[in-house]
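I have placed the structure first, in the form of structure tokens, so that the comments after it can refer back to it.
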Amino acid sequence: MTTPRLAVLGSINVDHIMNISQFPKPGETIIGHQYKIAFGGKGANQAVACGRSGADITFIACVGDDAIGSEIISQLKTDNIHIDAISIIPQTPTGVAMILVNEQGENVISIIAGANGALTPRHLEQYHHVIEHADALLMQLESPLDTVFEAAKLAKSHHTKVILNPAPAQPLSDEFLSFIDVITPNETEAEILTGISVHDEAGAAKAADILHHKGIKQVLITLGSRGVWFSEQGKGMIIPGFRVEAVDTIAAGDTFNGAFVTAILEGKPSVEAIRFAHAAAAIAVTRHGAQSSVPWRHEIESFLAERA
Ligand code: ATP
Ligand code: RIB
């Protein structure tokens, strides 16, 4: 039997992470106590989570023609990712994210697209075959929206399962949502997509129903430390996450998405795949940074065995 093929389309960023006691107010200067540069970007983080948790994954993405862009590509290769669909864009910097992390482990992020902006529908044409031959396509919203739309449409027409992590939050058209098989918003993203605030189970159920009516079969609303609201065919339930000492939630959602899709492609039932993804994300929040926090498969399996 051949291993199912996964395509991830998304962003690559250089994360500049500063730890501070509390977020500055407008006009205020805060002295940070730690700073580091790390590899991130929602697309790359999710691709790394897939690679480290055991998927056969090809990543469609762009870096700039700077030194760090080449370093990132080399690192992605060691994370079990096929890198042939990653392009180096001339005279363009690699994408950048400025991230502040407070004492509670919460973060605020602003990003500059850089080379990610070059992943246009025209650029994507040379990689259509990757999507057409994949069993699943995982995407986020840090790439140009028209490209994500075209990729979803192409995937749908080739029976490639489309999983969308709609982050960062933005409204999406009904036509776009009709191409999506599985959607994984957090509470804020679910509210922006549906207009329903997700503060309790009733809100989550209502938001999920709206997304089902737009044609999406499975809705997973991630609820941070509380876990996930999982809804299928109009029936929903909370699947709790694992209790851990969180130090930094950067890329928790990314790790969850990558591990979930990997497990689904292996044929695990949805609830089991969510538990696998919860374990991966729980490990990630106990570590600092984005890709530096993403666990390998043996770590996820040991964690699950300890918590069984
Ligand atoms: P982020 O933007 O911080 O990467 P997100 O907002 O996309 O995350 P969340 O809903 O915060 O996504 O978290 C995604 C998943 O990560 C959760 O469903 C859970 O599995 C795990 N997780 C997040 N925070 C915690 C925590 N404090 N303890 C344990 N697991 C957590
Ligand atoms: O989801 C976390 C990621 O969001 C960071 O790595 C940063 O690059 C931003 O894209």
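Positions are given from 1, in the same order as the sequence printed here. When a ligand or atom number is given, it counts from 1 through the structure's own listing order.
Note: His278 and Phe256 have tilted aromatic rings, judged against thresholds of 30 and 60 degrees for the angle between ring planes.
For Thr222, heavy-atom contacts with ligand 1 shorter than 4.0 Å involve the backbone as well as the side chain. If you look at Ala246 next to ligand 1, the close heavy atoms, those under 4.0 Å, all belong to the side chain. With a heavy-atom cut-off of 4.0 Å, Val228 touches ligand 1 through its side chain alone. Residue-level proximity to ligand 1 for Val244 is carried by the side chain, the only part with a heavy atom below 4.0 angstrom. Of the heavy atoms in Ala251, only backbone atoms (N, CA, C, O) come closer than 4.0 Å to ligand 1.
If you check which protein heavy atom lies closest to atom 4 (O) of ligand 2, you get Lys42 NZ, 3.4 Å. Closest protein heavy atom to atom 29 (C) of ligand 1: Phe242 O, 3.1 Å. Nearest protein heavy-atom contact of atom 6 (O) of ligand 1 is Asn186 ND2, 2.8 Å. For atom 9 (C) of ligand 2, the closest non-hydrogen atom on the protein side is Glu142 OE2, 3.4 Å.
The closest non-hydrogen atom to atom 17 (C) of ligand 1, taken over Ala290, Gly224, Gly253, Ala284, comes from Gly224. Counting heavy atoms only, Asn45 comes closest to atom 3 (C) of ligand 2 of the residues Thr255, Asn45, Asn116, Asn13. Compare Gly227, Ala252, Gly241 by their heavy atoms: the one nearest to atom 18 (O) of ligand 1 is in Gly227. Considering each of Ala281, Ala259, Ala167, the one bringing a non-hydrogen atom nearest atom 16 (O) of ligand 1 is Ala281.
Polar contact check, Asn107 against ligand 1: no nitrogen or oxygen pair lies under 3.5 Å apart. Considering both main-chain and side-chain atoms, His278 comes within under 3.5 Å of ligand 1 through a nitrogen or oxygen pair. At under 3.5 Å, a nitrogen or oxygen of Gly41, whether backbone or side chain, sits near a nitrogen or oxygen of ligand 2.
The distance from ligand 1 to the heavy atoms of Thr249 drops below 4.0 Å at these ligand atoms: 1 (P), 3 (O), 4 (O). Below 4.0 Å from some heavy atom of Gly40 lie the following atoms of ligand 2, by number and element: 6 (O), 8 (O). Which parts of ligand 2 touch Ala97 is read off a 4.0 Å heavy-atom cut-off, strictly below it: atoms 7 (C), 8 (O). Close contacts of ligand 2 with Asp254, meaning ligand atoms under 4.0 Å from a residue heavy atom, involve 1 (O), 2 (C), 3 (C). Close approach to Asp15 involves these atoms of ligand 2, each under 4.0 Å from a residue heavy atom: 5 (C), 6 (O), 7 (C), 8 (O). Close approach to Ala290 involves these atoms of ligand 2, each under 4.0 Å from a residue heavy atom: 6 (O).
Note: Glu106 CD to Gln22 CD = 11.5 Å, rounded to the nearest 0.5 Å. With rounding to the nearest 0.5 angstrom, the CD1 atom of Ile183 is 12.0 Å from the CD atom of Gln218.
Between Arg297 and Glu266 there is a salt bridge, with a side-chain nitrogen of the basic residue lying less than 4.0 Å from a carboxylate oxygen of the acidic one.
The environment of His159 atom NE2 is sparse: at most 12 non-hydrogen atoms of other residues, nucleotides or ligands sit within 6.0 angstrom.
Note that atom 10 (O) of ligand 1 has protein non-hydrogen atoms nearby, at separations under 4.0 angstrom.
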